[in-house]
Amino acid sequence: MAKLTLVEAINLALKQEMAGDPRVIVLGEDVGKNGGVFRVTQGLFELFGEHRVIDTPLSESGIVGAAIGMAVYGLRPIAEIQFEGFAYAAMEQLVCHAARIRTRSRGRYECPLVVRMPYGGGIRAPEHHSESNEAYFVHTPGLKVVVPSTPYEAKGLLLSAIRDPDPVIFMEPKRVYRAIREEVPDEEYVIPLGTARVVMAGNDVTLISWGAMLQVALQGARLMGERGVSSEVLDLRTLSPLDMDTIVESIKKTKKAVIVHEAPRSCGFGAELVARINEKALFFLEAPVERVTGFDTAMPLPKLEKHFLPDAPRVVQAISRVMSI
Amino acid sequence: MAKLTLVEAINLALKQEMAGDPRVIVLGEDVGKNGGVFRVTQGLFELFGEHRVIDTPLSESGIVGAAIGMAVYGLRPIAEIQFEGFAYAAMEQLVCHAARIRTRSRGRYECPLVVRMPYGGGIRAPEHHSESNEAYFVHTPGLKVVVPSTPYEAKGLLLSAIRDPDPVIFMEPKRVYRAIREEVPDEEYVIPLGTARVVMAGNDVTLISWGAMLQVALQGARLMGERGVSSEVLDLRTLSPLDMDTIVESIKKTKKAVIVHEAPRSCGFGAELVARINEKALFFLEAPVERVTGFDTAMPLPKLEKHFLPDAPRVVQAISRVMSI
Amino acid sequence: MPRTIIKRFNLERLQILDEQGNCDEELRPPLPNEAVRQLYQWMVAARTFDEKAFKLQREGRLGTYASILGQEAAQVASASALQPSDWMFPSFREPGASLVRGLPLRMILQYWSGDERGSMIPERQNDFPITIPVATQIPIGAGAAWGAKLKGDPIAVLVYMGDGATSKGDFHEGLNLAGVFSLPVVFFCQNNQWAISVPLSRQTAAETLAQKAIAYGFSGIQVDGNDAFAVYKATADALEKARTGHGPTFIEAVTYRIGDHTTADDASRYRSTEQVRQWKAKDPIERLRKYLERQGLWDQAYEQEVTEKAREQVEAAVREEENTPPADPQDIFRYTFRELPVELQEQLAALQNGNGRRPSR
Amino acid sequence: MPRTIIKRFNLERLQILDEQGNCDEELRPPLPNEAVRQLYQWMVAARTFDEKAFKLQREGRLGTYASILGQEAAQVASASALQPSDWMFPSFREPGASLVRGLPLRMILQYWSGDERGSMIPERQNDFPITIPVATQIPIGAGAAWGAKLKGDPIAVLVYMGDGATSKGDFHEGLNLAGVFSLPVVFFCQNNQWAISVPLSRQTAAETLAQKAIAYGFSGIQVDGNDAFAVYKATADALEKARTGHGPTFIEAVTYRIGDHTTADDASRYRSTEQVRQWKAKDPIERLRKYLERQGLWDQAYEQEVTEKAREQVEAAVREEENTPPADPQDIFRYTFRELPVELQEQLAALQNGNGRRPSR
Ligand SMILES: Cc1ncc(C[n+]2csc(CCOP(=O)(O)OP(=O)(O)O)c2C)c(N)n1
Ligand SMILES: Cc1ncc(C[n+]2csc(CCOP(=O)(O)OP(=O)(O)O)c2C)c(N)n1
Ligand SMILES: [Mg+2]
Ligand SMILES: [Mg+2]
């Protein structure tokens, strides 16, 4: 079993699924010859040819719209948006068609589409290359939203996403692309959508995060561990559908929760989590749920981004606050 | 003082502001000769001519993009998106430019832009004519989001929005367009953005709503009033910036809250409200905050929309739940 | 080569049956008489349906409806060039095309009465449901054509749109993709001169819409949209070109929206009755009728029979629609995903416990 | 009129200074010698800056940077046709244009080092900051031109874009609006043959980009983008046309991206060195140098002086940038709105209490 980066794990998943299912097509800007600007699709062009690994014009709405047409026609397209900050132009296609064609046609048509997009900050990228907009997608009924946190997770979740009969927004934590190596089985395995995982078991506080912020949550948990605070760290994996049971179970045990995400705070997914915790576990809470998030400002350029992004010290502060009550 | 509908009140505000400020321009599809599909801009074309009341091509991204250019150049454009469900195509311009040009240029440029859009269901309109997407805009740092609930409110808030130096999404509850008449002063008056109002004072439960749902909240409040439950009904007016003080103050008194909005539930603005209440008033709550919302499904066509939209009975149920604890 | 002309483009317009019903036999598509009569019958049926739908709306028996009065030839003749295996992507103003494709008229009424079941296209029929957001069906149609090309299916895709749609980004991105990948798709634009109250002159500074194809490197042609033969020929040729791997075509069918934009609109606010009068004189049905008459293919008895059959078909559809039991509110949830996630099951439960009369969480 | 040609279009290409530096004096814009020398000096300065920026990035002293090597004529000559009162909307690859406009080079380095202050365009300068989302500056530039037209300001707007940008919806919507409202704007497309790894042939099926203007009803022209005179003349004419109320123009400047897409790219993965070699032979600076030499306006001493001046200017900019004190983290909040709302004040407070080391609420 090889130790792979997240980029390599996704690449492996794509290769295996394309080899196994001729309906799977990859399309997007620079995904072919160039193998993707992050090399996620490296080698696919050589393996499967230009008809299944398609370099497209610079056309986000067109890419997603055409991919919807392919999906409706019976293929299983995987469209890449080069950076999540360029997905805005595809919103109309995603909301009006990908998310709706099944319900509009009362089941006559379905849209088994995956839209991959690297998201998030921390890699000193230019403007609009560091956004984290999962909340727009979660607020769009009919879309599933998946955010893997590690290489192993990425492969298993991507296979589920590709095989899912409904449109899936697959957000890849580019900050983790090469930051972690972990054992990834060659064999196929799927991680079902809608199941969260407990990454670290604990009793005093529940840390909830996903994607790149999982590492930040874990760092915070370890630091507090040294101070004798036992954190239970959850990786949500999929934001929609959401595995609320795992969250509630943990909170019933710890009575406290801290949510960590890098998106802006207001109407971020953290807000929905607090709302559901309020609905399902309010009277177990011994402290207000804390949100450690990006600010309600534009994502700064590299020189200032570290001040915007949640980090371990901020997580530690938040844990201290919920504990000190 | 005349009794006006919401359509007439907005029309009056537009006329007065255009008469007073030559920089104000109205543009959009069918806003000129036709006076808007809801007649909101009726008469402006005749009064101010085709250079200030501009019928545009069918081009949402172009309309908003061009309006941003006008605003940057020193005009005060008011762009109309014919229905909120057609704003998706303008998201990229709104997020990447309207909301960012001030911060990107470190204050060199600003974008005094108003984007008007009728929103919401309940008028038996075709698909995509009944959406309620305020959460996308609230989650976009750099945008202000205003949702008037009555004719009087609409005029005062629109004048503030037009005079505001930053981009404002002005969402008009089309269901209320002609449903209510109320006295609207001829004189200019402004309602500052970021101030909520108490529509009905009460002690037992706080009802929080905005736009078209205010009427539904009030109906629920009256029904519960007959059962001796005293509701305090808040009209938020602006979702961003948000007047949290008024909300917290009320909840500290009533200890219970019910939020009513017609947008889908997950990551709707109700979630953000619950999250902030959790942060600022958790230990005053005697019951979980209730969300009475649309479902996490596509907005149905007219035949089924009544099942989707919050109504007084659902508000009554929610109040009963928070009271019975 | 200092200042040199490096490219020349010619733009063609096709008309076969003129306003007086005179036919250019050279160009006339080789349709057997029965096929020509069939075109006529479909056009009459389309108009009959349209008039009925309009009436129903006025009587409060139907929701907002978008009339096709005057556009029957553009819709019927184009759709009649399709094979059942071809795919069709309508905008929202193509009941005439849907009728030709065999969509039960009941469903069109159902859709405009605000019932999604009207978009549940029968399995045998390769048509997309009505698309309300203007132009968004265009990249999707291109994508379906792409799917066919990748699968090696020898079919073509026909995508309808209006003149207003040509101003939208998705028109551009869809046509551009079709050009780059030489997709088997035909873009059929019904230029009815208006986008609600916005006239063509406010939609583009180009003298024709057909010339927009030049931007995408494939051919565009303008046809008299009220000339059933010209519409048929241009569409049939383009579809065959697509099926045989020769790429996309853009067709501008010049026609006119005789009625209001929809039943919610009042066109007298923004356009002259004079313009409407002029276009009424170019009526597509009357034009084909004259032709049939000259060919000895039309007489009063035949007219009687055709209108009668159309009326019955439409009345039957109205009865069917009005006797359809109401939709189950559960449908709001049933088709959101193939399988209902837990959170939606909870919301559905709330709905079912007395239509949301119980816990909304 | 059965099947008739209703419109003909001709597309022109302009070249004045050929690859060997031969000049068509007929067409040469009437620039005084000093102005021609100025063009040369700017182009040298642009390249000097570009090479330095590239080096800085490799030394880890600058973030991702997008080189303009080979595109100096397209950028410098076009921008030099602007009046200070005109407005300019760059994409993200126009340091050459910004240099001509007088933007302190320090700010360009600042921007690419990840500091927003590099986009704080000086008050006197009517330029928009760099736009990263491709093509989105196009409708905004059209809107600024619209503003000028409505205010009666006799100015023009110059909007830059790349070949990849022509595939995006905003290109279409922006140009269409400019056509419909006859806006005083010039769209200048640097067709450098590549969009990262996507070649022009994958961007469009059209043989030229200039012909896309036909779709919008205004004129488009192709120019040799490595020919400073052709670029200058086409742009100056188009800007004057715009200022005098005769509407928009689309210019395709055919050039080549000699370097990688950015310092984060490796072009050898997707294109042949042969192609690069061919284009290097068309170098725009060398071409103008030959011309100057023939005119007796260039010699080694002059070259020395020009390169020296450029080097000093660039080095000074680097020093300035590297001596600029770091930005205040408060800036993240300061410019979100003119006035900071309460909720942002709270978040700022959290940031200030030790950079988010305190309550994040
Ligand atoms: C994206 C979008 N914007 C606005 C509308 C509202 N609207 C519905 S139809 C229409 C005009 C469409 O004109 P055209 O494309 O010419 O089609 P026609 O109505 O003439 O058949 C408009 C503006 C819409 N449906 N979608
Ligand atoms: C909307 C959008 N999609 C994708 C990108 C990523 N990207 C940056 S530059 C580029 C290629 C642009 O090509 P072109 O317009 O020809 O400009 P050039 O880089 O050649 O100057 C791409 C795809 C982006 N910045 N914006
Ligand atoms: Mg039309
Ligand atoms: Mg390029």
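So that the names make sense, note that chain A is the first sequence line, chain B the second, and so on, each numbered from 1.
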CD (C/Gln345) with more than 12 external heavy atoms under 6.0 Å: yes
Residues in residues 106-121 of chain C that sit under 4.5 Å from chain B, counting heavy atoms only: C/Tyr111, C/Ser113, C/Gly114, C/Asp115, C/Glu116
Heavy atoms from other residues, nucleotides or ligands near NZ of B/Lys15 exceed 12 (cutoff 6.0 Å): yes
Proximity of residues 330-337 of chain C to chain B, residues having a non-hydrogen atom under 4.5 angstrom: C/Asp331, C/Ile332, C/Phe333, C/Thr336
Ion pair B/Glu50/C/Arg202, N-O distance below 4.0 Å: yes
Closest heavy-atom pair and its distance - B/Asp30, C/Ala195: OD1-O, 3.5 Å
Best-contacting candidate, B/Leu301, B/Asp55, B/Thr56, B/Leu304, against chain C by heavy atom pairs under 4.5 angstrom: B/Leu301
C/Glu207 atom CD, over 12 foreign heavy atoms within 6.0 Å: no
Residue-level interface, residues 162-172 of chain C with chain B, non-hydrogen cut-off under 4.5 Å: C/Gly164, C/Ser167, C/Lys168
Proximal component of C/Val134, with respect to chain B [non-hydrogen, under 4.5 Å]: side chain
Those residues of residues 212-224 of chain B, ordered by number, that approach chain C below 4.5 Å (heavy atom to heavy atom): none
Worked verdict on C/Ile196 versus B/Gln82 for side-chain contact (heavy atoms from CB on, under 4.5 Å): CA-CA 11 Å; C/Ile196 305 187; B/Gln82 200 162 75; 3.5 Å; yes
Contact class of C/Leu344 relative to chain B, heavy atoms under 4.5 angstrom: side chain
Side chain B/Glu127, main chain C/Ile132, donor-acceptor under 3.5 Å: no
Toward chain C, the part of B/Val37 with a non-hydrogen atom under 4.5 Å: side chain
Spatial distance of atom CG (B/Asp296) from atom CD (C/Gln347) [nearest 0.5 Å]: 4.0 Å
